[in-house]
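Here is the structure we will look at, set down as structure tokens.
For the single chain, residues carry numbers from 1 onward in sequence order. One-based numbering, in listed order, for ligands and for the atoms of each.
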Amino acid sequence: MPVDLNNERPLAWDSATLNADTKAMLDNLQPNILRAHVREHLSVLFVRFNNVAEGRAFLRHIATTRMKSARKHLEEVREFAARGRPGTPYVGIGISKAGYIDLGHSLDEVRKFGDKVFRDGMKRRIAEVNDPAVDQWDWVYQREIHAVILIGDAEPESVAALREEIVAELPESARLLGEETGQGMRNPAGDGIEHFGYVDGRSQPLFLKDEVEREPRKRWDPAFPLANVLVPDPLAPNPVRHHGSYFVFRKLEQNVRAFKEIERDLADDLGLTGADRDRAGAMLVGRFKDGTPLTSKAKAGGGPVANDFTYDADDGSKCPFSGHVRKTNPRSFGREVIMARRGQTYGERVDDPSDDSPPEDRPSGDVGLLFMAFNSSLISQFEFTQQTWANNPDFENPATGHDPVIGQGDRDIKVALPKVWGKPEVSLPQAQVAQTVTMKGGEYFFAPSLAYLRNL
Ligand code: HEM
């Protein structure tokens with residue numbers, strides 16, 4: 001029976017009754033798509049091939065010697081939980097449209113990829129999402145990238161060693177165009193944070209029964225059908241059994257100093273005092289630094305980071321409609337838009353991102369987020385989120401403003417913000433906060449099935 005991507009019930013991946021096609025799907029799917037792989041340390045390599053036979057041989061070699069399947073990854077996670085046995089490193093591959101052509105595929109074959117945005121590539125989509133001009137991007141992203149190789153693990157040593165080996169295996173004809181290094185950051189509670197200091201990566205679409213069952217889910221259902229991230233791999237030997245996912249990579253630089261100044265000034269403007277000052281930043285993100293959802297609580301704190309909430313009882317007086325997490329997941333509609341985020345922070349810091357140091361001690365560049373996400377459709381998930389939700393000041397309600405974190409484009413309208421949590425009293429209309437996240441480049445890829453890679 002073909003894999004039912006639209007099944008609303010989360011996948012019981014280790015069930016004895018799993019049908020043969022679903023088993024084959026898991027044996028041929030890359031890890032990190034259905035479930036996040038540990039990638040506390042991450043090396044991201046951008047490659048160009050230039051020779052069909054050598055490019056193919058390289059990918060085939062990496063796939064057969066270094067890459068595990070989604071099922072193997074899930075088994076490793078189970079082993080770790082039961083016996084504390086650490087898993088093996090993650091190696092993932094994404095191929096761009098230009099990469100498929102360079103690997104010898106015809107235009108007709110590439111047209112089998114249903115996603116037009118993937119076939120265009122990121123450089124041709126800047127107008128739609130208000131990205132900076134390509135000549136403003138970091139040099140590596142201005143070039144024609146054929147493939148991305150992700151190497152991730154819990155410790156830096158194994159990632160560095162594997163990176164060395166894979167780079168040494170690149171054929172003469174290929175070029176390593178550039179690379180990024182990601183490194184996780186945690187707050188004192190042990191939760192992963194991004195550079196502005198906020199808990200990140202908490203809200204995810206979950207596809208597997210064991211993951212869903214661990215979540216409180218009275219209000220928000222975290223279970224999503226595989227159709228949110230998987231599509232048949234059109235160039236695989238058997239697309240009924242072999243699946244892949246569209247992968248968006250964007251390097252997003254964060255001006256932490258400017259963001260911290262904005263938090264401070266906003267708290268002053270709204271007359272917030274004492275612990276209530278933290279609400280200024282929470283209004284921008286939609287969660288407090290410790291992850292507490294602003295729609296649920298007026299103050300941070302109170303146990304594990306919650307995700308079982310909606311905005312049904314919030315007219316914008318608790319969490320503004322523009323708050324980053326509200327913009328990017330309104331929760332009462334748009335479930336088909338939700339993608340699997342797999343980002344990682346980059347850049348070294350001398351300050352502690354989770355303390356209360358003043359803005360002047362914060363970095364104003366060279367740190368940020370390697371935004372990565374798996375999609376079944378780039379145009380109706382990543383691009384839709386960026387363009388129709390984040391960049392749109394009238395989304396859900398007129399004149400509520402851009403997403404203050406990731407919104408791109410002129411922030412020319414003025415907005416009013418709640419002065420007291422949950423009360424109708426709002427500020428006078430004021431200029432929107434300045435943009436502090438800058439896109440430095442990226443590309444759209446397809447993460448093919450292992451069956452495709454091993455048969456190259
Ligand atoms: C959630 C920060 C870029 C989409 C979050 C959260 C933080 C955050 C702190 C809350 C943690 C959570 O709920 O999991 C950032 C920063 C970014 C960035 C600092 C850039 C530097 C993006 C981009 C997109 C995006 C580019 C998509 C276009 C989302 C989504 C959620 C989220 C969908 C989960 C919302 C939910 O389900 O409640 N982000 N983010 N983020 N972000 Fe971002």
Side-chain angles (χ1 to χ4, degrees), residues 36 122 125 128-131 182 185 187 191-206 215 219-222 224 228-229 248-256 258-260 262-263 281-296 305-311 314 319 323-347 353-354 365 367-375 378-392 395 402-408 435-440 442:
M122 198 174 277
R125 301 292 301 174
E128 281 75 10
V129 291
N130 285 102
D131 275 343
M185 303 190 303
N187 64 15
D191 295 311
I193 56 171
E194 50 68 49
H195 278 285
F196 294 147
Y198 291 74
V199 169
D200 198 4
R202 173 65 182 92
S203 180
Q204 294 287 2
L206 303 180
E215 285 284 326
R219 299 172 193 89
W220 165 249
D221 180 6
F224 282 75
N228 272 65
V229 277
V248 44
F249 178 94
R250 288 163 75 80
K251 183 177 184 182
L252 301 175
E253 187 179 61
Q254 292 174 255
N255 183 340
V256 182
F259 190 85
K260 293 287 149 188
I262 286 168
E263 283 179 338
M283 281 196 254
L284 307 177
V285 176
R287 288 183 185 261
F288 287 92
K289 281 209 270 294
D290 71 352
T292 305
L294 179 59
T295 194
S296 313
V305 182
N307 199 38
D308 189 18
F309 66 92
T310 66
Y311 302 97
D314 187 353
C319 177
H324 175 60
V325 296
R326 190 167 189 173
K327 276 272 199 197
T328 54
N329 183 3
R331 293 190 180 228
S332 52
F333 60 93
R335 286 179 70 84
E336 67 290 351
V337 179
I338 303 302
M339 58 199 143
R341 291 176 299 126
R342 300 289 184 254
Q344 185 52 288
T345 46
Y346 74 89
S354 56
V367 301
L369 181 69
L370 305 175
F371 177 81
M372 293 174 263
F374 289 105
N375 302 238
L378 292 162
I379 195 157
S380 45
Q381 293 178 292
F382 163 68
E383 279 205 3
F384 189 87
T385 307
Q386 184 72 52
Q387 180 186 6
T388 311
W389 289 354
N391 294 356
N392 175 5
F395 170 53
H402 285 68
D403 179 325
V405 180
I406 62 162
Q408 301 189 134
Q435 189 177 326
T436 51
V437 169
T438 308
M439 191 271 198
K440 305 296 281 182

Could you state the interatomic distance from CD1 (Ile406) to CZ (Phe371), rounded to the nearest 0.5 Å? 7.0 Å
Is it true that the side chains of Gln386 and Asn391 contain a donor and an acceptor less than 3.5 Å apart? yes
Ile193 CD1 to Lys289 NZ distance, which is reported to the nearest 0.5 Å: 10.0 Å
Evaluate the ring planes of Phe224 and Trp220, with Trp represented by its six-membered ring, and classify them as parallel (under 30°), tilted (30 to 60°) or perpendicular (over 60°). tilted
List the closest protein heavy-atom neighbour of atom 23 (C) of ligand 1: residue, atom name, distance to the nearest 0.1 Å. Phe371 CE1, 3.3 Å
Looking only at protein heavy atoms, identify the closest one to atom 16 (C) of ligand 1 and say how far it is in Å. Val405 CG1, 3.8 Å
Could you pull out the atom name of the N/O/S atom in His324 that is nearest atom 43 (Fe) of ligand 1? NE2
For atom 17 (C) of ligand 1, what is the closest protein heavy atom, and at what distance to 0.1 Å? Leu369 CD2, 3.6 Å
Per-atom contacts, ligand 1 versus Gln254 - under 4.0 Å to a heavy atom: 19 (C), 21 (C)
Mind listing the closest non-hydrogen atom pair of Thr328 and Trp389 along with its distance? O-CZ3, 3.5 Å
Does the distance from a Lys or Arg side-chain N to an Asp or Glu carboxylate O, for Arg202 and Glu215, drop under 4.0 Å? yes
Which residue holds the protein heavy atom closest to atom 13 (O) of ligand 1, what is that atom called, and what is the gap in Å? Arg287 NE, 3.0 Å
Gly201 to ligand 1, any heavy atom closer than 4.0 Å: yes
Examine Arg342 relative to Phe374 and say whether NZ or CZ is less than 6.0 Å from the centre of the six-membered ring and inside a 45° cone about the ring axis. no
I'd like to check which ligand 1 atoms, numbered from 1 as shown, lie under 4.0 Å from a non-hydrogen atom of Phe382. 28 (C)
What protein heavy atom lies closest to atom 7 (C) of ligand 1? Include the residue and the distance to one decimal. Asp200 OD1, 3.4 Å
Output yes when the distance from some N or O of ligand 1 to some N or O of Asn307 is under 3.5 Å, and no in every other case. no
Protein contact to atom 34 (C) of ligand 1 [nearest heavy atom, distance to 0.1 Å]: Arg341 NH2, 3.3 Å
Can a non-hydrogen atom of Met339 be found less than 4.0 Å from any atom of ligand 1? yes
Arg250 and ligand 1 - part of the residue with a heavy-atom distance under 4.0 Å: neither
Which of the ligand 1 atoms, numbered from 1, are nearer than 4.0 Å to a heavy atom of Val437: 21 (C)
If I apply the N/O under 3.5 Å rule, does Glu194 come out as touching ligand 1? no
Proximity winner for atom 3 (C) of ligand 1, if only heavy atoms of Ile406, Thr295, Val325 are counted: Ile406
Option set Ala373, Ala340, Gly291, Ser203, criterion heavy-atom distance to atom 37 (O) of ligand 1, minimum: Ser203
Validate the cation-pi geometry between Arg287 and Tyr198: distance from NZ or CZ to the six-membered ring centre under 6.0 Å, angle to the ring axis within 45°. no
Within 4.0 Å of some non-hydrogen atom of Val199, the atoms of ligand 1 are 9 (C), 10 (C), 11 (C)
Anything under 30° is parallel, anything over 60° is perpendicular, the rest tilted; go ahead and classify Phe259 against Phe196. parallel
Sub-3.5 Å N/O-N/O distance, Tyr198 and ligand 1: no
Quick one: pull up OG1 in Thr345 and CG in Leu370 and give me the separation to the nearest 0.5 Å. 7.5 Å
State the OH-CD distance between Tyr346 and Gln254, to the nearest 0.5 angstrom. 7.5 Å
So is Arg331 close enough to ligand 1, meaning a heavy atom under 4.0 angstrom away? yes
Rounded to the nearest 0.5 Å, how far does CG of Asn228 lie from CD1 of Ile338? 7.5 Å
